[in-house]
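A quick write-up on the structure given underneath.
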Amino acid sequence: MDYLKSALPSQIMSERGSNLVVINPGSANVRIGLASQDTPFNIPHCIARHTEQIPNFTVIDKMLNSTVTTQQHIDREKAYDVIAPLLKIPFLDEEGPSNSFPRKMGRVDGHNPHIIRKDLPFTWTNVYEEATNSSVSLEGTDSKEPNASERKFKEFICGEEALRISPTEPYCFCRPIRRGHLNISQHYSMQQVLDDLHTIWDWILIEKLHIPRNERNMYSAVLVMPETFDNREIKEILSLVLRELCFGSAVVHQEGLAAVFGNGLSTACVVNIGAQVTSLICIEDGGALPSTGKTLPFGGEDISRAFLWTQRQRQTWPPIHSDVFGKPIDLLVLNQLKETYCEVKEGEFDAVAVVHSYENKVPAGPHKTRLSALNVPPMGLFCPMLLTPDAYPPPPRTWFHDYEDMLEDTWHIDFSRRADMSDTFYPNVNGGLPMWESYPVFSTKPKKEEKVGLAEAITNCILSTGRIDIQRKLFCSIQLTGGVALTSGLIAAVEERVLHAIPPNEAIDTVEVLQSKGKSRRLCPWKGGAILGVLDLGRDAWISREDWIHNGVHVGSNRKYKDSYYLQAQAMCYMNS
């Protein structure tokens, strides 16, 4: 502790963080970097593998998606009409120009101050090995095209390059994590998921961080895991990090707790709006309150799909075929347009933009159009019927059967009783919390909030603490993290909607969302993981590679894995002061 008091924060991070790799995996992106870095690499969490069994580009998840039902279409239209009076815009079936609502016009180059506009269209990924010297782009330049017999496809392609592969190329596209869980299905086995995770992370370590395999025993890994993951999944990822990736040691921290420390706080209601799920959990004095944890099944990608639906309903989308499930590059385009133009404000809000279409290696087709109702898609967070989720079967229940809870003292647990109650439990000092909605209901399980909007979920999350003193503190300490948190006007909307969602019999009249600087909202969990790793001088909770391979976590062990909510907050606040 004397060292922490005497050294500068930058010196501590530089000296102790140079051999710590912080990994924050998500459904759409994974953030990886050395703790000594200011910002990590934020890389799309996907991989495309070459295959000779299929002639064209195939997305594994597309096999799982069910078509949107007629009732869901009706619900979406109803949701739009619920949102319209809140934003003071016309209803869906009304003509915009003939009404008296105020109209605002966005700039062509975008208006969100947190987003850097990319004017150039995306280019198709070169899927051939560099030895072929071929170059394929959307402009059609192909100066040194080899014969078909000379071409050699890359075995795999990771990150954004995988998103930009042409639909005509023989690749199979996969996302190993989906909706906050390992993406296991009848089309995507557990072993394939773990192999793809290993390949993606190994590629990042070698190509981005320049850490070869034979040197990784000198590095330690800090895993900042979303609350949606259950214990079996955490164990598999720990094995991946310690066995296959060969790190010398590793520790796991909760994403919500890391986000609080990353923002220099010790108490907050953390709302992490990710790409595919939104997680909520309350933190008090550096300790998580597991009974307050909630998960909403929507995120930024759902807003992007609602953006496309809104433009089509308003007949402002160009006459192009956009397939967000079959062509990842189309989702990339939608995400870019959403981040650039969408914000929450009253009145009709339009913008002139150039939308590019991408079809089978041909040059990108620019389409200048006037996008409308740009303030509607983000409001889907408060009215989730607008965000029709892609439907898919969950992983088989038997895969998560795990009597040994690595996140609590298992030698004090009645295993027969646990087996009757549930398969796997979230860490909880007062009882178990199943992370899958199909688990049997028992008395300590909070009601799932998957059908409510963001404001109601935040209100229920904080009120579930049951103490007026901590409730007042948390309502004034709401922390938004994730890429969607950068949406202009969202903070004010959350404050207003949460205040209206508080029951009138509650003695609370103030709601405040804590402000963060720029892109730090997106990276708070990663930064918090770096701080937790650097300042954990005792390393009592760290697991060495040798211990994990030979012993793992077993009943009767004197060294049990402990979750990060046992750590104290004082040193973390010092680091951020």
Side-chain angles (χ1 to χ4, degrees), residues 28-32 41-62 116-176 192 195-213 320-337 354-367:
N29 297 283
V30 56
R31 290 153 289 277
I32 299 184
F41 292 97
N42 189 29
I43 296 173
H45 213 177
C46 56
I47 184 173
R49 292 186 182 273
H50 171 61
T51 176
E52 297 180 356
Q53 299 176 355
I54 53 176
N56 295 323
F57 189 81
T58 300
V59 178
I60 286 291
D61 287 349
K62 190 176 182 181
I116 299 176
R117 174 70 173 161
K118 297 178 182 178
D119 293 318
L120 297 177
F122 296 112
T123 57
W124 294 120
T125 296
N126 178 14
V127 298
Y128 302 109
E129 297 284 357
E130 293 183 1
T132 61
N133 294 322
S134 63
S135 177
V136 181
S137 71
L138 291 181
E139 281 66 36
T141 58
D142 196 359
S143 57
K144 297 181 180 180
E145 182 71 21
N147 296 327
S149 59
E150 298 176 0
R151 291 178 176 179
K152 183 179 180 182
F153 287 101
K154 295 178 181 177
E155 180 184 353
F156 64 86
I157 300 173
C158 300
E160 185 177 313
E161 286 192 335
L163 296 171
R164 296 187 284 105
I165 296 177
S166 169
T168 60
E169 304 292 2
Y171 278 80
C172 184
F173 178 88
C174 300
R175 290 184 184 271
Q192 281 182 290
D195 286 347
D196 285 346
L197 273 179
H198 170 259
T199 302
I200 295 170
W201 293 8
D202 189 63
W203 173 78
I204 295 173
L205 291 170
I206 294 173
E207 298 296 328
K208 304 297 182 181
L209 297 180
H210 308 293
I211 304 176
R213 185 183 180 90
I320 60 177
H321 175 65
S322 299
D323 183 2
V324 293
F325 295 126
K327 285 197 315 184
I329 196 170
D330 284 346
L331 183 60
L332 204 60
V333 172
L334 286 172
N335 285 337
Q336 186 186 79
L337 291 171
V354 177
V355 178
H356 292 91
S357 61
Y358 301 89
E359 297 292 340
N360 303 341
K361 287 189 178 180
V362 300
H367 305 269

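In this chain, residues are counted from 1 in sequence order.
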Could you walk me through whether Val59 and Phe325 satisfy the side-chain contact (heavy atoms from CB on, under 4.5 Å) test, starting with their C-alpha distance in whole Å, then the side-chain angles of each, then the deciding distance to 0.1 Å, before giving a yes or no?
CA-CA 7 Å; Val59 178; Phe325 295 126; over 6 Å; no
Donor-acceptor contact present, side-chain Arg49 to main-chain Cys172, <3.5 Å
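No; judged by distance alone, with no hydrogens or angles, the pair does not exist.
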So which atom in [X] and which in [Y] form the shortest heavy-atom distance, rounded to 0.1 Å?
{"X": "Val324", "Y": "Leu331", "result": "O-CB, 4.2 Å"}
{"X": "Ile43", "Y": "Gly159", "result": "CG2-CA, 3.7 Å"}
{"X": "Tyr358", "Y": "Phe122", "result": "OH-N, 3.0 Å"}
{"X": "His45", "Y": "Pro176", "result": "O-CD, 3.6 Å"}
{"X": "Ala162", "Y": "Cys46", "result": "CB-SG, 4.1 Å"}
{"X": "Leu163", "Y": "Pro328", "result": "CD2-CB, 3.6 Å"}

Among Phe57, Tyr128, Phe153, Phe156, the one residue meeting ring pair (Phe, Tyr, Trp, His ring centres under 6.0 Å) with His50
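Answer after filtering Phe57, Tyr128, Phe153, Phe156: Phe153.
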About how many Å separate [atom2] of [Y] and [atom1] of [X], when rounded to the nearest 0.5 Å?
{"X": "Asn29", "Y": "Asn42", "atom1": "CG", "atom2": "CG", "value": "4.5 Å"}
{"X": "Thr125", "Y": "Ile329", "atom1": "OG1", "atom2": "CD1", "value": "7.5 Å"}
{"X": "Asn56", "Y": "Tyr171", "atom1": "CG", "atom2": "OH", "value": "13.5 Å"}
{"X": "Arg213", "Y": "Leu205", "atom1": "CZ", "atom2": "CG", "value": "10.5 Å"}
{"X": "Trp203", "Y": "Leu209", "atom1": "CH2", "atom2": "CG", "value": "10.5 Å"}
{"X": "Asp195", "Y": "Asp202", "atom1": "CG", "atom2": "CG", "value": "12.0 Å"}

Would you say that Trp124 contacts Glu169 through its side chain, given a criterion of any heavy-atom pair below 4.5 Å between the two side chains?
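No; the side chains remain at least 4.5 Å from each other.
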Listed by chain and number, what are the side-chain hydrogen bond (donor to acceptor under 3.5 Å, both in side chains) partners of His367, not counting sequence neighbours?
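In terms of side-chain hydrogen bond (donor to acceptor under 3.5 Å, both in side chains), with neighbours along the sequence ignored, His367 is linked to Ser357.
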Pairs involving residues 326-335, ordered by first then second residue, that meet salt bridge (charged side-chain N to carboxylate O under 4.0 Å, His left out) (sequence neighbours left out):
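Sorted result for residues 326-335: Lys327-Asp330, Lys327-Glu359.
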Carefully, step by step, assess Val127 and Lys154 under the rule side-chain contact (heavy atoms from CB on, under 4.5 Å).
CA-CA 6 Å; Val127 298; Lys154 295 178 181 177; 5.7 Å; no
Dump the intermediate steps for side-chain contact (heavy atoms from CB on, under 4.5 Å) on His356 and Val333, then the final yes or no.
CA-CA 8 Å; His356 292 91; Val333 172; 5.5 Å; no
